[in-house]
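This report refers to the structure that appears directly beneath it.
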Amino acid sequence: MTDTAQQTAKEGQKPKTFAAKAFAAQDTSGSMAPHILQRREPRPQDVQIEILYCGVCHSDLHQVKNEWVDFQATVYPCVPGHEIVGRVVKAGSAVKKFKEGDFAAVGCMVDSDRVCENCRVGEEQYCVTGATFTYNSPEPILGGVTYGGYSQSIVVDEAFVLRVPNSADLAGTAPLLCAGITTYSPMRHWKVSKGQKVGVIGLGGLGHMGVKFAKAFGAHTVLFTTSANKVADGKRLGADEVVLTTNPAEIEKHAKSFNFILDTASAEHDIGSYLPLLKMDGTFTLVGAPPKPFPIAAFQLIPGRHSLAGSGIGGIRETQEMLDFCADKGITADIEMIKIQQINEAYERLMRGDVKYRFVIDMASLK
Ligand code: NAP
Ligand code: ZN
């Protein structure tokens, strides 16, 4: 055994670490400021990635403000970011998929138990003992919590690192690692296809990818938005129809017509009013994660045998499939590039729904 990290692990010690620049929130204000964190030196199975781009997900905002306190309370300092694209700068001796200089990507997970029934079928995000998420998750090797992509570098087991098939647009690829897979996976699971009518609620980071995928799968795609100024964009992105939800009569016109509706809205809204829009056996799937519970009436589900479901990101195998699908079809996210020093302003804008349609941090600004 030649690797230092493995030897120290064998001796029951933690692997050596190195310092990396990052931006972190220190408290529930969510205000982001420079921070230095420690990453482990790569073990034989790890790759060390120099982060080039990191997308800004609304989950980052929920998490730095501790809005999901009942589900996963935030541990501070919190370094968010789970839409990571970068370059491999070190590959451990046992790494097979990557070599130094390759482009690589990391999404919302960095590990799982890999042996439970869900991991065995490639759905590591539903790991029975709990996946290790990219940030604010218990860190099994160094202790403490994991730190995400608003950072210079990250060290991840290669089993949780994705290949980047479209190196032509690395920044536009970054949001696929969360916004992309979170909308692709449920559409695959519920078999969105040609001849179906599919709704997408909310035109943000997830919503705009949802519209692109529904279209790519051949569905008649209807976007529901609260923002009058997004109607034209909804059509440009591929929606066949755009419904402005400020007028309830416009929503009701679509009664009993949808095979599938994907709800990406990040804040409280009347979910029950959308359930009557489903056809018989239609499914309404939540991917948006508003912090507060919401009321649903039995008779919004019973007539028509409607299903109300949730879906979380996607497994590693499916994430790679999605990246390959996007490269093949020329799908990337519509992004607005920012410097890390603009992150607090970007959060303000994200709260107002003022982003077209994903902020991506150019990590060169952290140097
Ligand atoms: P985002 O870019 O901020 O987009 C959210 C969109 O929701 C907004 O653009 C807005 O669209 C709509 N919206 C906001 N407030 C609303 C309200 N009060 N009523 C109705 N619609 C409202 O956020 P995102 O990054 O796409 O994330 C969306 C949600 O998905 C977040 O809650 C996030 O945490 C969650 N998420 C879940 C998963 C998962 O695995 N399930 C993964 C990633 C993210 P319009 O202006 O068009 O109305
Ligand atoms: Zn996300």
Side-chain angles (χ1 to χ4, degrees), residues 54-65 67-68 71-72 80-84 106-109 123-126 131 133-136 148-150 174-187 189 199-212 222-235 237 239 242-248 251 262-271 273-274 285-292 294 309-315 318-319 322 333-336 346-360:
C54 184
V56 178
C57 180
H58 205 111
S59 301
D60 302 353
L61 190 53
H62 289 304
Q63 198 82 74
V64 295
K65 289 178 173 289
E67 289 175 356
W68 290 339
F71 165 66
Q72 190 175 36
H82 56 206
E83 295 183 337
I84 298 165
V106 178
C108 304
M109 290 179 286
E123 305 278 8
E124 301 91 349
Q125 74 279 26
Y126 306 129
F133 292 100
T134 305
Y135 61 84
N136 198 47
Y150 295 10
L176 303 180
L177 276 300
C178 175
I181 186 60
T182 303
T183 49
Y184 178 92
S185 179
M187 289 197 195
H189 181 77
V200 175
I201 302 175
L203 192 60
L206 267 58
H208 95 291
M209 291 310 306
V211 168
K212 289 184 186 202
V222 181
L223 169 72
F224 294 91
T225 178
T226 60
S227 310
N229 63 3
K230 292 183 185 171
V231 172
D233 270 356
K235 294 229 168 103
L237 291 163
V242 180
V243 176
L244 196 53
T245 55
T246 41
N247 182 356
I251 303 181
L262 189 71
D263 187 346
T264 77
S266 54
E268 217 173 333
H269 57 293
D270 183 11
I271 287 164
S273 67
Y274 290 94
T285 298
L286 278 167
V287 287
K292 286 195 192 141
F294 49 84
S311 182
I313 49 173
E318 192 174 44
T319 305
M322 178 274 313
D334 287 32
I335 66 152
E336 186 176 333
Y347 277 174
E348 289 293 326
R349 288 184 50 197
L350 196 55
M351 266 186 287
R352 296 197 300 268
D354 173 23
V355 49
K356 290 189 172 179
Y357 277 91
R358 198 59 142 186
F359 291 117
V360 171

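Atoms within each ligand, like the ligands themselves, are counted from 1 in listed order. These numbers come from the heavy atoms of this one structure, side chains and all, not from hydrogens, waters or symmetry mates.
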- [ ] Answer yes or no: are there more than 12 heavy-atom neighbours, outside Q72 itself, under 6.0 Å from its atom CD?
- [x] yes
- [ ] For C178, take its heavy atoms, then give the atoms of ligand 1 lying under 4.0 Å from any of them.
- [x] 42 (C), 43 (C)
TODO: Specify whether H58 and H62 have parallel, tilted or perpendicular ring planes, treating 30° as the upper limit for parallel and 60° as the lower limit for perpendicular.
DONE: tilted
Open item on the list: With a 4.0 Å cut-off on heavy atoms, is R358 in contact with ligand 1?
Closed with: yes
Open item on the list: Just so I know, are the side chains of T225 and L244 near enough to count as touching, which here means a heavy-atom distance under 4.5 Å?
Closed with: yes
Task: atom 21 (N) of ligand 1: the protein heavy-atom neighbour that sits closest, reported with distance to 0.1 Å - done: A265 CB, 3.5 Å
Open item on the list: Quick test of your reading of the structure: of S311, S185, G205, G314, whose heavy atom lies closest to atom 2 (O) of ligand 1?
Closed with: G205
Task: ligand 1 atoms in contact with I313 (distance to a heavy atom under 4.0 Å) - done: 39 (C), 40 (O)
Open item on the list: Suppose we measure from atom 4 (O) of ligand 1 to each protein heavy atom; which comes out shortest, and what is that distance?
Closed with: G204 CA, 3.3 Å
Open item on the list: To check your reading of the model: name the closest protein heavy atom to atom 30 (O) of ligand 1, its residue, and the distance in Å.
Closed with: G288 CA, 3.2 Å
Open item on the list: Could you tell me, atom by atom, which parts of ligand 1 come under 4.0 Å of a heavy atom of S227?
Closed with: 45 (P), 46 (O)
- [ ] Could you find the nearest protein heavy atom to atom 35 (C) of ligand 1 and give me its residue, atom name and distance?
- [x] V287 O, 3.6 Å
TODO: Going by heavy-atom distance to atom 34 (O) of ligand 1, choose the closest among G234, A289, S59, A228.
DONE: S59
Open item on the list: I want to check something: taking the side chain as every heavy atom from C-beta on, are S311 and L286 in contact at a cut-off of under 4.5 Å?
Closed with: no
- [ ] Could you tell me whether the side chain of T264 reaches within less than 4.5 Å of the side chain of F224, counting heavy atoms only?
- [x] no
Task: Nearest protein heavy atom with distance in Å, relative to atom 18 (N) of ligand 1 - done: E268 O, 3.1 Å
TODO: Show your reasoning for whether side-chain contact (heavy atoms from CB on, under 4.5 Å) applies to F359 and R349.
DONE: CA-CA 10 Å; F359 291 117; R349 288 184 50 197; 3.7 Å; yes
Open item on the list: Below the 3.5 angstrom mark, is there an N/O of V355, backbone or side chain, next to an N/O of ligand 1?
Closed with: no
Open item on the list: Distance check below 2.8 Å: does H82 bring an N, O or S atom to the Zn ion (ligand 2)?
Closed with: yes
Task: A179 to ligand 1, any heavy atom closer than 4.0 Å - done: no
Task: Location of contacts on H58 toward ligand 1, heavy atoms closer than 4.0 Å - done: both
Open item on the list: Working to 10°, measure the angle at the Zn ion (ligand 2) formed by atom SG of C178 and atom SG of C57.
Closed with: 130°
Task: Minimum-distance protein heavy atom relative to atom 15 (N) of ligand 1 - done: A267 CB, 3.5 Å
Open item on the list: For the CE atom of M322 and the OG1 atom of T183, what is their distance to the nearest 0.5 Å?
Closed with: 8.0 Å
- [ ] Report, in ascending order of atom number, the atoms of ligand 1 lying under 4.0 Å from any heavy atom of H269.
- [x] 19 (N), 20 (C)
Task: Ring centre gap for H82 and Y135 strictly below 6.0 Å - done: yes
Open item on the list: Tell me the protein heavy atom at minimum distance from atom 14 (C) of ligand 1, and give that distance in Å.
Closed with: S266 OG, 3.5 Å
Open item on the list: Within this structure, what is the CD-CG distance for the pair E336 and D354, rounded to the nearest 0.5 Å?
Closed with: 7.5 Å
Task: W68 to ligand 1, any heavy atom closer than 4.0 Å - done: yes
Open item on the list: Counting C-beta onward and ignoring hydrogens, is there a side-chain heavy-atom pair between Y274 and T245 closer than 4.5 Å?
Closed with: yes
- [ ] Under 4.0 Å, heavy atoms only, figure out whether ligand 1 is touched by the backbone of K230, its side chain, both or neither.
- [x] side chain
TODO: Please lay out, stage by stage, how D233 and K356 fare under the test salt bridge (Lys or Arg N to Asp or Glu O under 4.0 Å).
DONE: CA-CA 9 Å; D233 270 356; K356 290 189 172 179; 3.3 Å; yes
Open item on the list: Is any side-chain heavy atom of V200 closer than 4.5 Å to one of V222?
Closed with: no
Task: Which of the ligand 1 atoms, numbered from 1, are nearer than 4.0 Å to a heavy atom of T182 - done: 38 (C), 39 (C), 40 (O), 41 (N), 42 (C)
TODO: Any atoms of ligand 1 less than 4.0 Å from a non-hydrogen atom of T225? List them with their elements.
DONE: 45 (P), 46 (O), 47 (O), 48 (O)
Task: Atoms of ligand 1, numbered as shown, that sit under 4.0 Å from any heavy atom of G202 - done: 11 (O), 47 (O)
TODO: Do me a favour and list the nearest non-hydrogen protein atom to atom 32 (O) of ligand 1 with residue, atom name and distance?
DONE: H62 NE2, 2.8 Å
- [ ] Could you tell me the separation between the CG atom of L176 and the OG1 atom of T319, rounded to the nearest 0.5 Å?
- [x] 10.5 Å
